[in-house]
2 protein chains.
Amino acid sequence: MFEKYVRLLKESQIKITPQRLEILKYLDEHRTHPTVDEIYSALKENNPALSKTTVYNSVDILLNHGLIQSITISGSELRYDFKHGMHHHFLCKKCGEIIDINVECPNLGSMLECGHEVEEVHGYFKGICKKCSKGETNRNGS
Amino acid sequence: MFEKYVRLLKESQIKITPQRLEILKYLDEHRTHPTVDEIYSALKENNPALSKTTVYNSVDILLNHGLIQSITISGSELRYDFKHGMHHHFLCKKCGEIIDINVECPNLGSMLECGHEVEEVHGYFKGICKKCSKGETNRNGS
DNA sequence: TATTAAATTGTAATAAATACAAATTAGAAA
DNA sequence: TTTCTAATTTGTATTTATTACAATTTAATA
């Protein structure tokens, strides 16, 4: 059940707690780029004692150890993503969905030559997603 | 003095007000990716009656008409950038500076093929900038 | 099992952004 | 030029994401 996440936390020398395991598992199994509030609401179902501060603390430590990444695409709140291979993101301005875009960053090479130490690469595209531009229903009901 | 910005606003059919001219001019002349608060503080010097709400309203309308762009790289606040040619951004985690990176986005072609209508492209890199990695002084004093 | 540093919880505080009503103004029409 | 009106500006109040912090609890080591 949690072996994978126990291993990940041990490898990063992060103290293992049920909360951290649940949060890491949730992010691995829900690739929806949830906010802290969304993670909190989902996990509170099975753990009513969960505190939102714990979710904030936990995503911070997971972030600092590189197990997850934060996504700033929306500009109004931070979203989190289990770290699986390099990919970019597309934000639909109509339905709000954030879609994974599986491309590499061809600029990384030239970035390495310009003297800055690059630790993170984020590619964000914004517009209207395939579904919405076909006129299908979306969460805004428009 | 303001001819350029009068022309830009007219072309976009935005009503011309002194506040909008000042804000647009400020962004054109200060490529530091300022926050609303920074724009507000700077312009309040010469116009003590300026309201922060006006700055919020103005950057919104300039944004909607494509004269400026918003930058979400920091995750804690929105920053604004006069729209000049395509470029990416680098955020230094040490000094906080946001540096323009003059590269195109080679992924745009493949993005156009995946069915989403792309309206914006943002390339963000994070790490330690050239200056800071050389151990020079920075605004954090570290 | 006992110990202790670290984590969790809950409340309070902060700060960016938004909502909104009243006063002002840009720009079109007379 | 003057009048008019919708749009803009202003200032205050509110909302919401995030951070700060103290008290309680717990993971993991000895």
Side-chain angles (χ1 to χ4, degrees), chain A residues 2 5-24 26 33-65 67-68 70-80 96 98, chain B residues 2 5-24 26 33-65 67-68 70-80 96 98:
Chain A
F2 286 103
Y5 311 108
V6 170
R7 182 163 37 79
L8 283 172
L9 293 182
K10 269 190 184 156
E11 282 168 5
S12 296
Q13 304 192 29
I14 302 172
K15 194 176 277 190
I16 293 154
T17 70
Q19 293 88 343
R20 289 173 180 176
L21 289 171
E22 288 286 0
I23 290 166
L24 193 52
Y26 184 84
H33 321 97
T35 60
V36 160
D37 199 64
E38 285 166 351
I39 300 167
Y40 169 72
S41 299
L43 299 183
K44 205 172 171 60
E45 298 267 314
N46 287 317
N47 176 12
L50 182 65
S51 163
K52 199 180 282 187
T53 301
T54 300
V55 182
Y56 274 106
N57 290 339
S58 297
V59 296
D60 273 355
I61 200 167
L62 296 175
L63 197 58
N64 291 336
H65 286 80
L67 294 176
I68 65 176
S70 67
I71 297 174
T72 65
I73 195 168
S74 96
S76 62
E77 83 270 292
L78 286 172
R79 295 181 166 275
Y80 296 91
I98 294 173
Chain B
F2 286 104
Y5 311 108
V6 170
R7 181 162 38 78
L8 283 171
L9 294 181
K10 271 191 182 154
E11 281 168 6
S12 295
Q13 302 192 30
I14 302 172
K15 194 175 276 188
I16 293 155
T17 69
Q19 293 85 346
R20 288 172 182 176
L21 288 171
E22 288 287 0
I23 291 165
L24 194 51
Y26 184 85
H33 321 97
T35 60
V36 159
D37 199 64
E38 286 165 351
I39 300 168
Y40 169 72
S41 299
L43 299 185
K44 206 173 170 59
E45 298 266 315
N46 287 316
N47 175 12
L50 182 66
S51 162
K52 201 181 279 188
T53 303
T54 299
V55 183
Y56 275 107
N57 290 340
S58 298
V59 295
D60 273 356
I61 200 167
L62 296 175
L63 198 58
N64 291 335
H65 287 81
L67 295 178
I68 64 175
S70 67
I71 298 174
T72 64
I73 194 168
S74 97
S76 61
E77 82 270 291
L78 286 172
R79 293 180 167 273
Y80 296 92
I98 295 173

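Lettering of chains follows the sequences in order, A, B, ..., and the numbering in each one begins at 1. The model shown is predicted, which means the values in this text are computed figures rather than measured ones. These values consider heavy atoms only, across backbone and side chains, with no hydrogens, waters or symmetry-generated copies.
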| query | Can you check whether S74(A)'s main-chain N or O pairs, donor with acceptor, with T72(B)'s side chain at less than 3.5 Å? | reply | no
| query | Partners of Y26(B) by ring pair (Phe, Tyr, Trp, His ring centres under 6.0 Å), sequence neighbours excluded? | reply | H30(B)
| query | Is there a donor-acceptor pair closer than 3.5 Å between any side-chain N or O of H33(A) and the backbone N or O of Y80(A)? | reply | no
| field | K10(B): partners by side chain to side chain donor-acceptor pair (under 3.5 Å), with sequence neighbours left out | value | none
| note | Sorted by chain and residue number, the side-chain contact (heavy atoms from CB on, under 4.5 Å) partners of S58(A) (sequence neighbours excluded) come out as R20(A), I23(A), T54(A)
| task | Give the first and the last nucleotide of DNA chain D, reading 5' to 3', that has any atom under 4.0 Å from a heavy atom of chain A. | result | dA17(D) to dA28(D)
| task | Please check if the side chain of E38(B) supplies one atom and the backbone of T35(B) the other of a donor-acceptor pair under 3.5 Å. | result | yes
Protein-nucleotides 19-21 of chain C N/O pairs closer than 3.5 Å?
none

| request: Identify the two heavy atoms, one from L78(B) and one from G75(A), that lie closest to each other, and give their separation to 0.1 Å. | output: CD2-CA, 4.0 Å
| request: Name all pairs fulfilling the side chain to side chain donor-acceptor pair (under 3.5 Å) condition that reach into residues 40-49 of chain B, sequence neighbours left out, sorted by first residue then second. | output: Y40(B)-K44(B)
| field | Which residues share a side chain to side chain donor-acceptor pair (under 3.5 Å) with S70(A), sequence neighbours left out | value | none
| field | Spacing of I23(A) atom CD1 relative to dA7(C) atom P, expressed in whole Å | value | 13 Å
| query | By side chain to side chain donor-acceptor pair (under 3.5 Å), which residues pair with K15(B), not counting sequence neighbours? | reply | none
| query | Starting at the 5' end of DNA chain D and moving along, which residue's nearest nucleotide shows up first, V55(B) or G75(B)? | reply | V55(B)
| request: Write down the distance between CG (L78(A)) and C1' (dA16(C)), rounded to a whole number of angstrom. | output: 13 Å
| message | Once you apply a heavy-atom cut-off of 4.0 Å, does S76(A) come out as touching a base, just sugar-phosphate, or nothing? | response | sugar-phosphate
| Flag side-chain contact, heavy atom, 4.5 Å: I14(A) against L67(A) | yes
| query | the helix from dT1(C)-dA30(D) to dA30(C)-dT1(D): angle between its terminal axes, five pairs each, to 10°? | reply | 40°
| field | Proximity to DNA chain D (any heavy atom under 4.0 Å), residues of residues 14-22 of chain A only | value | K15(A), I16(A), P18(A)
| With sequence neighbours excluded, residues passing side-chain contact (heavy atoms from CB on, under 4.5 Å) with E11(B) | R7(B), L8(B)
| said: In this structure, how many angstroms lie between the P atom of dA16(C) and the CD1 atom of I73(B), rounded? | reply: 18 Å
| task | For K52(B), enumerate each residue passing the side chain to side chain donor-acceptor pair (under 3.5 Å) test, keeping only those at least two apart in sequence or located in another chain. | result | D37(B)
| request: Take the protein atom CD of E38(B) and the nucleotide atom C1' of dA15(C), then report the distance between them rounded to whole Å. | output: 14 Å
